[in-house]
Amino acid sequence: MKFMKLGSKPDFFQTDGDNIRYVATELATDLVVNVGDVKFYLHKFPLLSKSARLQKLVATTNENSDEIHIHDIPGGPAAFEICAKFCYGMTVTLNAYNVVATRCAAEYLEMYETVEKGNLVYKVEVFLNSSIFHSWKDSIIVLQTTRSLLPWSEEVKVVSHCLDSIASKASIDTSKVEWSYTYSLKKLPSDNGNEHWNGVGKQQVVPKDWWVEDLCGLQLDLYKRVINIIKTKGKLSGDVIGEALKAYSTRRLSGFSKGMIQGGDVIKNRLLVETVIHLLPAGSVPCSFLLKLLKAAILLECGEMEKSELISKIGQQLDEATVSDLLIQAPTEEALMYEVDIVQNLIEEFVTLDRSAQTDPSMEAEFQEIRSPRFLSHTSKVKVAKLVDGYLTEVSRDPNLPASKFVRLAEMVSNFSRPTHDGLYRAIDMYLKEHPGISKSERKRICKLMDCRKLSTDACMHAVQNERLPLRVVVQVLFFEQIRASASGGNSTPDLQGSIRALLPGGSHGSSRSTTTNTEEDWDAVPTAEEIKALKGELATLRLGDANRGVGNDRNANHGATNNSEKVAASKMKGLLMSKKIFSKLWSSKERNGEISSSNTSESPGSTSTNAEETKSTRSRSRRHSVS
């Protein structure tokens with residue numbers, strides 16, 4: 001720490017109790033100065049020779065009184081004592097902790113060069129400009145002491161000079177950092193401590209964010225001013241400033257790193273969070289940090305403008321988020337467990353950016369400059385779609401989550417083509433499991449979100465045995481799995497087994513359920529245990545047939561195995577199949593809604609594409625295939 005000694009005479013100041021100060025000399029004192037609760041017994045000549053203010057005060061006092069009062073001097077009795085000792089020529093030591101108070105007190109007492117050459121104001125200014133403002137840590141200490149001395153510290157420009165000194169040093173090229181600093185954010189090579197020095201024989205690697213920890217001790221108002229000046233200088237990247245704001249938030253908000261706020265002054269914490277939100281450059285911090293800020297903003301009831309700004313920032317980086325990041329606990333008085341509406345706003349922000357980029361290419365280029373080149377890419381959209389699937393799976397455990405909110409969230413990313421719908425199927429299954437009392441129409445609407453053709457083999461096997469799914473969905477899963485199995489066997493036209501072919505127009509007539517009148521209700525209802533058992537048998541038969549095709553090299557033998565499979569499947573599906581009219585109605589409805597590319601899969605190869613081609617065509621159209 002830098003220091004400066006003034007004067008050369010011994011210190012003759014004595015104390016008498018807590019409130020009396022006097023100079024122990026042979027000459028009797030002739031002036032009493034009251035500073036707060038402390039009385040100073042001093043001599044007029046040394047004081048009046050250097051202080052214009054004391055001259056005025058003495059001149060205006062009663063001739064019969066030798067007592068004056070200065071209760072409003074900045075720095076109080078301690079600062080006045082330093083000024084008084086300077087007037088006597090006694091030795092005083094200035095350092096980073098007392099220099100601002102001394103400077104403000106000297107200003108108050110009007111100890112200028114016009115009163116006497118080499119006066120205190122001049123000497124303190126020399127010390128500040130030649131030593132304090134050249135020192136990194138002393139500048140920070142001095143800046144911290146200025147808050148208790150406002151507005152005097154502002155008027156004498158100590159605050160502005162400190163701010164500029166700190167901001168300039170933080171913005172300097174790291175190769176020119178030649179002072180010690182505190183750094184424990186990351187371990188550096190050969191780093192055994194947290195005090196660093198970029199000198200000869202010492203640590204040579206200086207990180208770009210070397211300064212962020214030392215500034216965490218500043219109060220919010222001063223910290224905000226430092227960061228704004230650093231941003232104005234424009235020499236540091238947004239990432240470095242973002243790192244500084246992360247460190248400051250973590251240090252100043254208890255529990256913030258765990259996604260909560262533990263104790264402290266609510267008003268101060270709220271102001272801190274709102275300030276950090278405003279200071280953050282776009283794309284400067286990870287999405288996980290932004291979501292922690294959002295959780296804090298909700299807990300502290302920050303303003304709607306700040307929350308909207310934060311939601312906008314998060315929306316630009318939503319593909320970086322994880323499911324746990326999005327699980328924002330709702331207040332205990334709320335019906336829902338999680339803040340689903342907030343997450344819906346985040347997704348809406350991302351979707352809006354996608355639409356804007358599609359209609360205005362220049363906007364996409366602008367965001368690409370802010371973030372990485374993959375922004376709004378297909379990969380980003382797929383990540384967000386999978387994120388929503390995982391989020392829906394978790395929030396589905398809330399028994400109070402309405403089906404409308406579930407559907408709304410899923411539909412928002414329906415245009416983001418996923419290679420598989422397994423995640424969405426898990427979410428749907430979880431919701432149906434936790435909400436067994438929903439209506440048939442809600443169950444149907446939820447299941448329409450899923451494209452059965454995009455389920456993996458394992459998901460298909462699970463779905464066929466899932467008693468919570470409507471019967472129509474189970475049969476459709478089985479149907480598309482048969483198509484996939486047939487295509488994998490090398491057939492361009494799927495060789496449907498008889499029991500499945502009967503579900504299509506032109507299939508088998510005569511069904512044991514042909515007399516059923518309430519067909520839509522039957523298909524929207526969950527399957528019975530017997531129907532599930534029959535569908536399991538169908539799937540097993542399908543697997544057996546596929547295995548026979550892969551092993552058998554003899555066409556006749558393979559054909560015989562397939563015929564045998566059809567007989568077994570038909571037997572197991574007895575009592576399940578509807579009439580041709582019912583299935584014609586089902587599939588014609590699906591065809592009108594654009595849900596399948598062809599209503600008759602038994603046509604010639606020229607009119608029916610393979611599974612791979614169908615998938616490619618589906619992606620090129622970039623639309624969701626719902627399930628009736």
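What you are looking at is a predicted structure, and each value in this text was computed from that prediction instead of being measured.
Aromatic ring orientation, Phe80 versus Phe40: perpendicular (interplanar angle above 60°, classes split at 30° and 60°).
Counting only distance, with no hydrogens or angles, the side chain of Thr420 and the backbone of Asp422 share a donor-acceptor pair below 3.5 Å. In terms of modelled atom types and a separation under 3.5 Å, the side chain of Ser51 and the main chain of Leu109 share a donor-acceptor contact. The closest donor-acceptor contact from the side chain of Arg418 to the backbone of Gly423 lies at 3.5 Å or more, if one exists at all. At distances below 3.5 Å, at least one donor-acceptor pair connects side-chain atoms of Ser148 with backbone N or O atoms of Thr145. Under the 3.5 Å distance criterion, the side-chain polar atoms of His435 are matched with a main-chain donor or acceptor of Asp398. Remark: the backbone N or O of Lys224 is paired with a side-chain donor or acceptor of Asn228 at under 3.5 angstrom. Counting only distance, with no hydrogens or angles, the side chain of Glu274 and the backbone of Glu306 share no donor-acceptor pair below 3.5 Å. A donor-acceptor contact shorter than 3.5 Å is absent between the side chain of Glu125 and the backbone of Tyr122. For the pair Thr250 (side chain) and Ala247 (backbone), a donor-acceptor distance under 3.5 Å is absent. His69 contributes no side-chain N or O that, together with a main-chain N or O of Val33, makes up a donor-acceptor pair within less than 3.5 Å.
Taking a 6.0 Å sphere around OH of Tyr112, one finds it holds more than 12 heavy atoms contributed by other residues, nucleotides or ligands. Residue Asp72 qualifies as enclosed at atom CG: its count of foreign heavy atoms under 6.0 Å is above 12. The number of heavy atoms from other shown groups lying within 6.0 Å of CG (Asp18) does not exceed 12. Open room surrounds CD on Glu301; 12 or fewer heavy atoms of other groups in view lie less than 6.0 Å from it. Other residues, nucleotides and ligands contribute more than 12 heavy atoms inside 6.0 Å of the CZ atom of Phe13. Lys208 NZ: 12 or fewer foreign heavy atoms inside a 6.0 Å radius.
The pair Asp16-Lys39 does not meet the salt-bridge criterion, since no charged nitrogen lies less than 4.0 angstrom from a carboxylate oxygen. Between Arg408 and Glu348, at least one side-chain N (NZ, or NE/NH1/NH2) sits under 4.0 Å from a carboxylate O, which counts as a salt bridge. In this structure, Lys85 pairs ionically with Glu81, as a charged nitrogen and a carboxylate oxygen lie closer than 4.0 Å. Between Arg270 and Asp265, none of the side-chain N atoms (NZ, or NE/NH1/NH2) sits under 4.0 Å from a carboxylate O, so this pair counts as no salt bridge. A salt bridge links Asp341 to Lys405: one of the charged nitrogens lies within less than 4.0 Å of a carboxylate oxygen. Between Glu110 and Lys56 there is a salt bridge, since at least one side-chain N of the basic residue sits less than 4.0 Å from a carboxylate O of the acidic one. Ion pairing between a basic and an acidic side chain is recognised when a charged N comes within 4.0 Å of a carboxylate O; Glu339 and Lys295 show no such pairing. A salt bridge is defined here as a Lys NZ or Arg NE, NH1 or NH2 lying under 4.0 Å from an Asp or Glu carboxylate O, and Lys383 with Glu320 fails to meet this definition.
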### Task
Give the C-alpha distance, both sets of side-chain angles, the deciding distance and a yes or no for side chain to side chain contact (heavy atoms under 4.5 Å, CB included) between Asn415 and Lys381.
CA-CA 9 Å; Asn415 289 331; Lys381 297 175 187 178; over 6 Å; no

### Message
Determine whether Leu222 and Thr146 satisfy the following criterion, side chain to side chain contact (heavy atoms under 4.5 Å, CB included), listing intermediate values before the conclusion.
### Response
CA-CA 10 Å; Leu222 295 174; Thr146 61; 4.3 Å; yes

### Task
Could you check Lys386 against Asp319 for salt bridge (charged side-chain N to carboxylate O under 4.0 Å, His left out), going step by step and ending with a plain yes or no?
CA-CA 9 Å; Lys386 290 183 177 179; Asp319 58 317; over 6 Å; no

### Task
Please step through side chain to side chain contact (heavy atoms under 4.5 Å, CB included) for the pair Asp209 and Val212, ending with a clear verdict.
CA-CA 6 Å; Asp209 57 346; Val212 304; 3.8 Å; yes

### Query
When you look at Asp221 and Arg147, which way does the side chain to side chain contact (heavy atoms under 4.5 Å, CB included) test go after all the steps?
CA-CA 9 Å; Asp221 56 338; Arg147 296 187 78 253; 3.2 Å; yes

### Residue pair Asp239, Ser237: steps toward the side chain to side chain donor-acceptor pair (under 3.5 Å) verdict
CA-CA 5 Å; Asp239 291 346; Ser237 67; 4.9 Å; no

### Query
When you look at Glu154 and Arg225, which way does the salt bridge (charged side-chain N to carboxylate O under 4.0 Å, His left out) test go after all the steps?
CA-CA 13 Å; Glu154 286 278 11; Arg225 293 174 68 178; 2.7 Å; yes

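Inter-residue side-chain proximity for Phe3 and Leu94 is flagged as unmet; no heavy-atom pair is nearer than 4.5 Å. Using a 4.5 Å heavy-atom cutoff, the side chains of Ile328 and Tyr338 are not in contact. No side-chain heavy atom of Val159 sits under 4.5 Å from any side-chain heavy atom of Val100. A heavy-atom distance below 4.5 Å is not found between the side chains of Arg397 and Met337. Using a 4.5 Å cut-off on side-chain heavy atoms (C-beta onward), Arg443 and Leu432 make contact. Using a 4.5 Å cut-off on side-chain heavy atoms (C-beta onward), Pro419 and Val382 make contact.
The minimum heavy-atom distance linking Leu449 with Phe406 is given by the pair CD1-CE2, 3.8 Å. The two residues Thr102 and Cys83 make their nearest non-hydrogen contact at O-SG, 4.3 Å. Here the closest heavy-atom approach between residue Ile446 and residue Ala403 is recorded as CD1-CB, 4.0 Å. Between Leu245 and Pro281, the shortest heavy-atom distance links the atoms CD1-CD, 4.4 Å. Closest approach of Tyr431 to Leu401, counting heavy atoms only: OH-O, 2.7 Å. Across all their heavy atoms, Ala297 and Lys307 have their closest contact at CB-CG, 4.0 Å.
Note that the CD atom of Glu394 and the CG atom of Leu326 stand 11.0 Å from one another [nearest 0.5 Å]. Note that the CG atom of Leu143 and the CD1 atom of Ile132 stand 12.0 Å from one another [nearest 0.5 Å]. Distance CG/Leu346 to NZ/Lys313: 14.0 Å, rounded to 0.5 Å. Between atom CZ of residue Arg53 and atom CD of residue Glu107 there is a gap of 10.5 Å, rounded to the nearest 0.5 Å. To the nearest 0.5 Å, atom CG of residue Leu279 and atom OG of residue Ser249 are 9.5 Å apart. A distance of 8.5 Å separates CG in Asp138 from CG in Asn95, rounded to the nearest 0.5 Å.
Under the 3.5 Å distance criterion, with hydrogens and angles disregarded, a donor-acceptor pair is assigned to the side chains of Ser165 and Ser139. Side-chain contact annotation: Tyr425 with Asp389, donor-acceptor N/O pair under 3.5 Å absent. Between the side chains of Lys2 and Ser130, no donor-acceptor pair is found at a separation under 3.5 Å. Ser288 and Asp325 share no side-chain donor-acceptor pair at under 3.5 Å.
Aromatic rings from Trp179 and Trp211 are positioned such that their centres are separated by 6.0 Å or more. Aromatic ring centroids of Tyr248 and Phe256 lie 6.0 Å or more apart.
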